[in-house]
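Throughout, a chain's letter reflects where its sequence line sits, starting with A, and its residues are numbered from 1. Because only heavy atoms are used, hydrogens play no part in the values below, and waters and symmetry mates are left out as well, while side chains stay in.
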Amino acid sequence: MSSPSSPAESTTAAPAADGPRDFIRQIVREDLAAGKHVAIHTRFPPEPNGYLHIGHAKAICLSFGIAREFNGWCNLRLDDTNPGREDPEFVQGIKDDVNWLGYGWHELRHASDYFDVFYRAALKLIEDDLAYVDDLSADEMREYRGTLTEPGRNSPHRDRTVAENLDLFKRMRAGEFADGSRTLRAKMDMAAGNINLRDPALYRIRKVTHQNTGDAWPIYPMYDYAHALSDAMEGITHSLCTLEFEDHRPLYDWCVDKVDLPNHPELWQSVVAAGLEAKPAKPRQIEFSRLNLSYCITSKRKLAQLVAEGHVEGWDDPRMNTLRGLRRRGFTPAGIRLLIERVGVSKQNSVIDYAILENCVREDLDATAPRRMAVLDPLKLTLVNLPEGHTETLVFANHPKDESFGTRELPFARELWIEREDFAEVPPKGWKRLVPGGEVRLRGVGIVKCEEVLKDGAGIVTELRCTLDPESRSGLPGADRKVKGTIHWVGVPHAVAAEVRLYDRLFDVAAPDAEDDGQPWTAHINPDAKRVVQGWVEPAAARAEPEQRCQFERLGYFVADRADHRAEAPVFNRVVTLRDTWSKQG
RNA sequence: UGGGAGAUCGUCUAAUGGUAGGACAACAGACUCUGACUCUGUUUAUCUAGGUUCGAAUCCUAGUCUCCCAGCCA
């Protein structure tokens with residue numbers, strides 16, 4: 001898989017003239033203008049231990065988007081520094097989701113591609129007296145670290161000789177010591193105000209089989225070390241990450257500078273030998289605030305818990321705010337990208353209202369979704385002045401504003417299904433739909449008048465008997481006659497029964513994981529987030545391909561379920577309702 | 001009582017010493033064979049207190065509030 005947007009190395013990086021001008025893009029522009037780089041290189045480095053969620057969309061759109069805008073490239077790097085946590089299922093899922101969002105990577109890399117580089121670099125750090133092997137246990141190390149307000153103390157092993165450290169580290173690598181018995185630590189400053197700089201661990205012993213390297217390594221690098229060197233190895237120019245890594249930047253820079261990969265090609269011969277492109281450079285880390293969305297959960301642990309405890313039907317459940325969940329729900333990549341563009345980039349912590357996402361998806365779908373008709377809560381309407389058994393075929397535009405969507409045939413009949421909520425015996429103030437004795441336009445047909453209301457023994461309305469004004473048929477001059485409302489319908493003889501899944505927000509409070517109300521976050525799961533109804537759809541809707549979206553007029557946007565939909569047994573998911581200024585006024 | 005970061009309309013976000021602007025939301029109206037879409041209009045903001053300056057969101061001083069950091073996780 002390679003990026004459709006990756007240019008040749010020699011391509012001039014022309015700054016995009018318009019488009020977003022956030023602080024990161026300003027830095028990129030300035031760096032390019034100053035001739036600091038010939039091309040912009042970014043990366044998206046997920047840990048393959050879970051599926052991507054809406055929060056990742058920002059990181060993806062930023063790193064891949066900036067690379068594309070400035071004619072650079074972006075790598076997808078699976079950060080597999082900690083063995084035993086990865087799962088091939090997640091790796092494939094991540095690749096699928098990034099592609100689905102509309103991005104392709106220059107190269108797919110793994111942090112494990114550089115394990116040999118990391119090891120050699122560690123040897124170099126030891127030789128330069130910048131790292132040492134420590135025998136402290138995890139508990140002891142925590143004690144020695146000090147607290148936020150008190151400085152730490154030097155480990156008793158901090159002053160081992162270079163020769164001793166070299167010997168010990170090589171034996172760690174050879175698998176001579178037990179898990180957790182020793183670490184390799186950076187020799188920095190145990191009194192640093194920034195706790196990340198109090199001799200952070202660079203390597204730990206973990207005799208665990210690794211997804212990609214098998215049992216080749218009994219020691220594994222820590223994130224800060226591996227990440228910084230991976231960025232440098234790949235020639236990343238701008239390493240974009242979230243705010244919590246701000247404190248790590250001095251360590252990031254320390255690793256990059258002390259190892260100095262560009263001037264030590266002997267450290268990365270394994271990468272060259274493996275046939276991977278290697279042009280190490282000094283990367284710059286820039287932090288931005290993560291995307292927080294109300295009514296959403298972005299903790300991997302909690303997302304996994306929703307699946308494990310059966311609160312949802314899987315990682316791709318349409319109620320999940322994982323990317324695959326949003327996809328199955330019918331949200332569009334363009335809608336999500338629009339959200340990211342609207343939200344902007346800064347260093348301020350913020351929470352975006354979930355309604356913004358919904359509106360972005362509506363905006364995209366309004367322009368891209370063909371129109372169809374469906375009735376979800378059917379009430380029979382009979383046109384008594386049409387002959388018994390009358391049917392005809394009408395031609396409808398697929399989109400009200402875009403002729404390129406073409407037309408479709410829609411069977412019309414004497415008996416129709418209309419929406420039960422489009423009729424009221426006692427209408428509220430402002431009502432524009434059908435009432436006894438009243439008139440309304442049947443979408444694309446003409447004006448009908450309700451002559452008679454049939455009810456069952458319990459007083460429930462069972463059928464509306466109406467007359468169709470023949471002068472008002474669509475296309476005739478009489479069609480211009482004004483009536484207050486227009487309602488949708490499906491012809492009874494040709495209606496296709498469909499399962500329609502009506503989704504709503506998974507949580508009933510804006511901040512489900514705040515837990516400041518003494519309630520566990522699972523207490524806020526909305527039991528009505530999924531409602532399944534049987535409805536009637538027009539034949540053209542039933543013929544939809546899985547994952548094809550449409551607007552059911554006056555109801556909302558729907559998608560043919562990518563897993564369950566079949567033309568003979570249609571299954572639709574409601575993506576989002578139409579904006580409704582009528583019901584909102586209460 | 002440590003270190004790092006951030007405070008601008010309801011919400012995001014611009015303005016980089018020179019008219020506080022945009023988007024979204026809200027409200028009002030127009031249009032409408034979708035109570036959708038679209039269009040028009042309106043409302044609302046520089047954390048506080050001092051100072052520098054002809055001029056401060058921006059610079060200085062002192063406060064206040066919020067977020068992040070004490071994994072051999074990432």
Side-chain angles (χ1 to χ4, degrees), chain A residues 20-23 26 45-47 49 79 81-82 85 111 134 136-139 141-143 145-152 179-185 191-198 200-206 219-220 222-224 226-227 241-250 287 289 294 300 339 341-353 355-356 359-360 362-363 366-367 371 373 399-401 430-433 440-447 472 474 479-488 551-557 577-585:
Chain A
R21 303 194 65 94
D22 51 76
F23 80 99
Q26 279 187 44
E47 185 188 13
N49 67 345
D79 194 347
T81 49
N82 196 0
R85 307 225 300 165
D134 199 353
L136 252 29
S137 70
D139 286 342
M141 202 183 280
R142 190 177 313 118
E143 263 176 57
R145 184 153 36 228
T147 68
L148 291 180
T149 52
E150 301 157 20
D179 278 18
S181 60
R182 285 180 224 262
T183 54
L184 181 73
R185 292 231 254 169
N194 180 347
I195 290 182
N196 296 112
L197 273 28
R198 317 243 260 232
L202 264 21
Y203 266 96
R204 78 281 225 180
I205 303 175
R206 257 171 83 70
I219 56 172
Y220 291 94
M222 299 295 294
Y223 164 83
D224 288 295
H227 183 251
C241 64
T242 44
L243 254 24
E244 68 268 28
F245 293 105
E246 230 157 3
D247 285 347
H248 296 239
R249 195 180 342 123
E287 311 85 13
S289 60
S294 62
K300 275 181 195 171
L339 171 80
E341 187 185 319
R342 290 232 166 116
V343 155
V345 184
S346 75
K347 299 187 73 153
Q348 293 176 46
N349 289 305
S350 62
V351 181
I352 307 301
D353 195 318
I356 306 284
N359 281 323
C360 288
R362 283 191 184 105
E363 189 168 324
D366 176 58
R371 309 293 128 117
M373 289 208 285
H399 196 285
K401 285 181 296 191
W431 183 259
K432 290 163 75 168
R433 286 112 95 150
V440 76
R441 186 184 304 276
L442 278 182
R443 179 82 162 127
V445 177
I447 296 168
S472 70
S474 285
D480 293 339
R481 182 157 71 85
K482 299 295 178 196
V483 280
K484 276 186 299 186
T486 299
I487 65 172
H488 60 276
Q551 181 195 103
F552 287 157
E553 293 204 27
R554 302 211 309 131
L555 294 176
Y557 296 98
T577 60
L578 255 29
R579 180 195 255 110
D580 185 354
T581 49
W582 160 247
S583 69
K584 257 204 295 201
Q585 55 187 245

Return the 5'-most residue of the pair A:R441, A:F23 with respect to RNA chain B, ranking by each residue's nearest nucleotide. A:F23
Taking the nucleotide of RNA chain B with the nearest heavy atom to each, does A:R206 or A:N349 sit closer to the 5' end?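 It is A:N349 whose nearest nucleotide is closer to the 5' end.
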Just compare [options] and give me whichever is closest to any side-chain atom of [X].
{"X": "A:L578", "options": "B:rC72, B:rA36, B:rG2", "value": "B:rA36"}
{"X": "A:D247", "options": "B:rC68, B:rA74, B:rU34", "value": "B:rC68"}
{"X": "A:S350", "options": "B:rG35, B:rU13, B:rA25", "value": "B:rU13"}
{"X": "A:R579", "options": "B:rG71, B:rU16, B:rA25", "value": "B:rA25"}
{"X": "A:T581", "options": "B:rG35, B:rU8, B:rC73", "value": "B:rG35"}
{"X": "A:M141", "options": "B:rC72, B:rC12, B:rU13", "value": "B:rC72"}
{"X": "A:K401", "options": "B:rC12, B:rU38, B:rC24", "value": "B:rU38"}
{"X": "A:E246", "options": "B:rG4, B:rU34, B:rA74", "value": "B:rG4"}
{"X": "A:T149", "options": "B:rU1, B:rC69, B:rC72", "value": "B:rU1"}
{"X": "A:T486", "options": "B:rG35, B:rA36, B:rC69", "value": "B:rG35"}

Suppose we define a pair by two distances each less than 3.5 Å, Watson-Crick or G-U wobble; what does [N] pair with here?
{"N": "B:rU52", "value": "none"}
{"N": "B:rG2", "value": "B:rC69"}
{"N": "B:rG17", "value": "none"}
{"N": "B:rC12", "value": "B:rG22"}
{"N": "B:rC47", "value": "B:rG63"}
{"N": "B:rU40", "value": "B:rA28"}

Touch class at under 4.0 angstrom, heavy-atom based, for [X] against every strand present:
{"X": "A:L136", "value": "base"}
{"X": "A:P250", "value": "nothing"}
{"X": "A:R342", "value": "sugar-phosphate"}
{"X": "A:K300", "value": "nothing"}
{"X": "A:L243", "value": "nothing"}
{"X": "A:R443", "value": "base"}
{"X": "A:Q26", "value": "base"}
{"X": "A:Y203", "value": "nothing"}
{"X": "A:V483", "value": "nothing"}

Counting only side-chain nitrogens and oxygens, does [X] get under 4.0 Å of the OP1 or OP2 atom of [N]?
{"X": "A:R198", "N": "B:rC69", "result": "no"}
{"X": "A:Q551", "N": "B:rU34", "result": "no"}
{"X": "A:R371", "N": "B:rA36", "result": "no"}
{"X": "A:R204", "N": "B:rA74", "result": "yes"}
{"X": "A:Q348", "N": "B:rU8", "result": "yes"}
{"X": "A:S346", "N": "B:rU13", "result": "yes"}
{"X": "A:T81", "N": "B:rA74", "result": "yes"}

Separation of [X] atom [atom1] from [N] atom [atom2], in whole Å?
{"X": "A:E244", "N": "B:rA70", "atom1": "CD", "atom2": "P", "answer": "11 Å"}
{"X": "A:K347", "N": "B:rC67", "atom1": "NZ", "atom2": "P", "answer": "18 Å"}
{"X": "A:H488", "N": "B:rU34", "atom1": "NE2", "atom2": "P", "answer": "13 Å"}
{"X": "A:R554", "N": "B:rU32", "atom1": "CZ", "atom2": "P", "answer": "18 Å"}
{"X": "A:N359", "N": "B:rU38", "atom1": "CG", "atom2": "C1'", "answer": "15 Å"}
{"X": "A:F245", "N": "B:rA5", "atom1": "CZ", "atom2": "P", "answer": "17 Å"}
{"X": "A:K432", "N": "B:rG35", "atom1": "NZ", "atom2": "P", "answer": "7 Å"}
{"X": "A:D22", "N": "B:rA15", "atom1": "CG", "atom2": "P", "answer": "10 Å"}

Between [N] and [M], how far apart are the two [atom1] atoms, rounded to whole Å?
{"N": "B:rA57", "M": "B:rA25", "atom1": "C1'", "result": "24 Å"}
{"N": "B:rG6", "M": "B:rU42", "atom1": "C1'", "result": "32 Å"}
{"N": "B:rA30", "M": "B:rA36", "atom1": "P", "result": "13 Å"}

A:W582 over B:rG35, stacked by centroid distance under 5.5 Å, angle under 30°: yes
Are [X] and [Y] packed together at the side-chain level, in the sense that at least one heavy-atom pair is separated by less than 4.5 angstrom?
{"X": "A:R443", "Y": "A:R554", "value": "no"}
{"X": "A:N196", "Y": "A:P250", "value": "no"}
{"X": "A:R579", "Y": "A:N359", "value": "yes"}

Could you check whether the rings of A:Y223 and A:F245 sit parallel, tilted or perpendicular, using 30° and 60° as the cut-offs?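 Rings of A:Y223 and A:F245: tilted, as their planes differ by 30° to 60°.
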Distance check, rounded to the nearest 0.5 Å: [X] atom [atom1] versus [Y] atom [atom2]?
{"X": "A:H248", "Y": "A:N194", "atom1": "NE2", "atom2": "CG", "result": "8.0 Å"}
{"X": "A:N349", "Y": "A:K347", "atom1": "CG", "atom2": "NZ", "result": "11.0 Å"}
{"X": "A:T577", "Y": "A:Y557", "atom1": "OG1", "atom2": "OH", "result": "10.0 Å"}
{"X": "A:I219", "Y": "A:R204", "atom1": "CD1", "atom2": "CZ", "result": "10.5 Å"}
{"X": "A:D134", "Y": "A:T183", "atom1": "CG", "atom2": "OG1", "result": "5.0 Å"}

How would you label the glycosidic angle of B:rG17: syn (within 90° of 0) or anti?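 That one's anti.
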Is a donor-acceptor contact shorter than 3.5 angstrom present between the side chain of A:R433 and the base of B:rG35?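 Present.
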Test item: side-chain donor near acceptor, A:Q348 and A:S350, under 3.5 Å: no
